[in-house]
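Values below: every heavy atom of this structure, side chains too, minus hydrogens, waters and symmetry copies. So that the names make sense, note that chain A is the first sequence line, chain B the second, and so on, each numbered from 1. Worth saying up front: this structure is predicted, and the values here are computed from it rather than measured.
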Amino acid sequence: MTPMVEALIFILMAIAAIAGAVTVVMARNPVYSAMGLLGTLFSVAVLYVLQLAHMVAAVQVIVYAGAVLTLFLFVIMLIGVDKSEDRDEKLPGQRLVIAVLAGAVVLIAGGLTFFADFDWVPAASAPINPDLTNGTVQAVAEPLFTDWVLAFEATALLLTIAAAGAIALAHYRRRSQE
Amino acid sequence: MTWEEIAIVVLRVVMTFVLLLLVTVINVWAERKIVADMQSRIGPNRAGPWGILQTVADGLKLFFKESVTPRKVELGMYLLAPFLAVIPAFLIFMMVPWGAPFTIGEYEVALQGADLHIGLLFILAMSSMAVYAVVLAGWSSGSKYPLIGGVRATAQAISYEAAMGLAMVAVVLWTASLGSENALSLASIVEAQQGTWGGIIPRWNIFPQVAAFVVFLIAIVAETNRAPFDLVEAEQEIVGGFHTEYSGMRFAMFFLAEYVNIFSMSAIAATLFLGGWNGPTFGPPIVAAVLPTIWFLIKTYVIVFLFFWIRATLPRLRYDQLMSLGWKRLIPAALVWLIVSTVAIGFRQFGAPWS
């Protein structure tokens with residue numbers, strides 16, 4: 001893969017990711033928002049592949065596109081938020097605040113990339129580390145289960161607690177209503 | 001990359017694609033014939049000898065039929081859904097090695113669409129993509145029954161994918177414990193199953209991983225929405241399920257995707273548990289080169305036949321039975337097996353913890 005091809009794929013996928021993100025916000029229909037998110041997740045997965053992080057790309061598609069987004073769609077279809085019915089805002093002026101914040105982030109990020117003299121180093125021309133091209137799974141797993149095993153276990157415990165908490169909350173609410 | 005290398009890549013993909021289309025044409029006919037036999041009927045017998053051209057005739061008919069578009073559909077998603085069904089179905093089979101690699105001149109040609117070192121993860125990712133087709137088709141049809149089918153499909157796919165993934169993990173751990181460098185690539189999983197125990201029993205993963213095989217088999221039947229897990233398109237309850245409003249070529253694409261999925265999931269089961277293309281080779285070089293592909297096809301067809309047999313035998317599950325089977329039986333069974341198998345592997349590799 002030549003740097004030219006890499007740049008081309010990057011530009012295409014970056015545009016696709018941004019288009020997807022805009023769809024998430026702008027779409028009138030929540031199902032189309034979910035599809036926009038799917039497009040963004042996929043484009044970002046392709047960008048990961050471009051950086052030779054194959055495992056991250058696959059996990060992104062399995063976990064986010066495969067499980068999380070399917071659950072979103074499930075909820076959208078089950079509750080039947082078919083058309084935009086509930087559009088009045090609970091917090092006054094939330095759109096303005098978000099717009100200002102998002103604008104500031106875009107300005108700072110854009111300014112940083114523009115003024116801080118970054119170099120474009122295409123993965124194709126960079127020196128290739130065979131560990132990272134042929135075994136990203138091993139490259140991720142080894143530090144995860146040796147150096148960072150405590151943080152890993154703590155995160156796992158946190159997720160379990162969150163899941164148990166969600167179940168407990170759901171049951172608590174149902175009992176108090178009866 | 002020289003043009004020879006590019007040609008080989010194209011050749012591999014095209015050969016895999018053609019093989020998949022051919023077996024799918026045969027599978028559609030074979031299912032009708034086998035199920036007919038099991039129900040004491042004759043089945044298709046008009047087009048060609050034993051009706052073997054029935055699928056071609058049906059395909060042509062569907063191709064020339066009008067694709068009716070109902071008035072209340074969400075057009076964009078409605079048109080997109082059939083393609084979302086077909087693309088992952090074909091991509092999954094690209095990972096499966098379906099024959100022993102051979103050499104042309106100085107180049108080695110592996111009979112496999114592509115050998116990714118994250119092959120199994122790719123398969124999981126694509127099979128989780130396949131559910132979008134069903135969900136979107138159900139939702140965009142703007143009709144009640146397809147919507148119910150779509151909602152059922154989501155829940156079913158999420159539930160059974162977990163069990164399928166856990167069964168795969170057990171195989172990957174076992175393969176890695178045999179000293180394979182890249183236990184997630186299907187080519188290395190096949191390689192790790194070469195040889196025999198004592199010259200008689202082949203070193204297939206089904207023997208050390210029999211529980212994982214059973215869980216995997218049940219999960220792939222549910223993943224492909226086949227009977228007895230075909231609640232997604234249960235004719236007696238919800239007409240045709242998600243594809244009720246589809247006709248002509250668009251319907252044909254869903255149909256094609258279903259049969260492609262049956263074959264590729266069976267091929268993956270054969271690759272993971274039955275040794276893939278491993279088998280005795282003998283005879284002149286030409287025969288010896290073709291034999292691995294034949295072994296692969298025989299093993300795959302054993303599982304495909306199992307699919308058809310189950311369909312002809314078992315009645316459909318009720319929805320709550322489906323969910324309780326998935327969450328209360330299969331996933332715990334897969335987890336327990338994963339722990340047992342991991343402890344056994346650890347025991348073999350590191351010895352007892354007290355020694």
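- Both the backbone and the side chain of A:Leu71 have a heavy atom closer than 4.5 Å to some heavy atom of chain B.
- Side chains of B:Phe122 and A:His54 form no contact here, defined as non-hydrogen atoms less than 4.5 Å apart.
- Pairing each heavy atom of A:Gly66 with each of B:Ser128, the nearest pair is CA-OG, 3.6 Å.
- Looking at heavy atoms from C-beta onward, B:Tyr132 lies in side-chain contact with A:Thr70 at the 4.5 angstrom threshold.
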Chi angles and distances behind the side chain to side chain contact (heavy atoms under 4.5 Å, CB included) call for B:Leu136, A:Met35: CA-CA 10 Å; B:Leu136 286 179; A:Met35 285 302 106; 3.5 Å; yes

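- By the neighbour-count criterion of 12 heavy atoms within 6.0 Å, atom OH of B:Tyr319 is densely surrounded, having more than that number from other residues, nucleotides or ligands.
- Contacts between B:Ile158 and chain A at a heavy-atom distance below 4.5 Å involve the side chain alone, from C-beta outward.
- Interatomic distance, CD1 of A:Ile62 versus CE of B:Met126, reported as 9.0 Å (0.5 Å rounding).
- Within 6.0 Å of atom CZ in B:Phe90, more than 12 heavy atoms from other residues, nucleotides or ligands are found, so the atom counts as buried in its surroundings.
- For B:Val131, the part sitting under 4.5 Å from any heavy atom of chain A is the side chain, from C-beta outward, and nothing else.
- When side chains are defined from C-beta on, A:Val61 does not count as touching B:Leu124, because their heavy atoms never get closer than 4.5 Å.
- At most 12 non-hydrogen atoms from other residues, nucleotides or ligands lie less than 6.0 angstrom from CG of A:Leu150.
- Ranked by heavy-atom pairs shorter than 4.5 Å toward chain B, the options A:Ala34, A:Ala57, A:Ala58, A:Ala65 are led by A:Ala65.
- More than 12 non-hydrogen atoms from other residues, nucleotides or ligands lie less than 6.0 angstrom from CD of B:Gln321.
- In this structure, the portions of B:Ala155 lying under 4.5 Å from any heavy atom of chain A include both its backbone and its side chain.
- The neighbour count for A:Tyr64 OH, taken as heavy atoms of other residues, nucleotides or ligands under 6.0 Å away, does not exceed 12.
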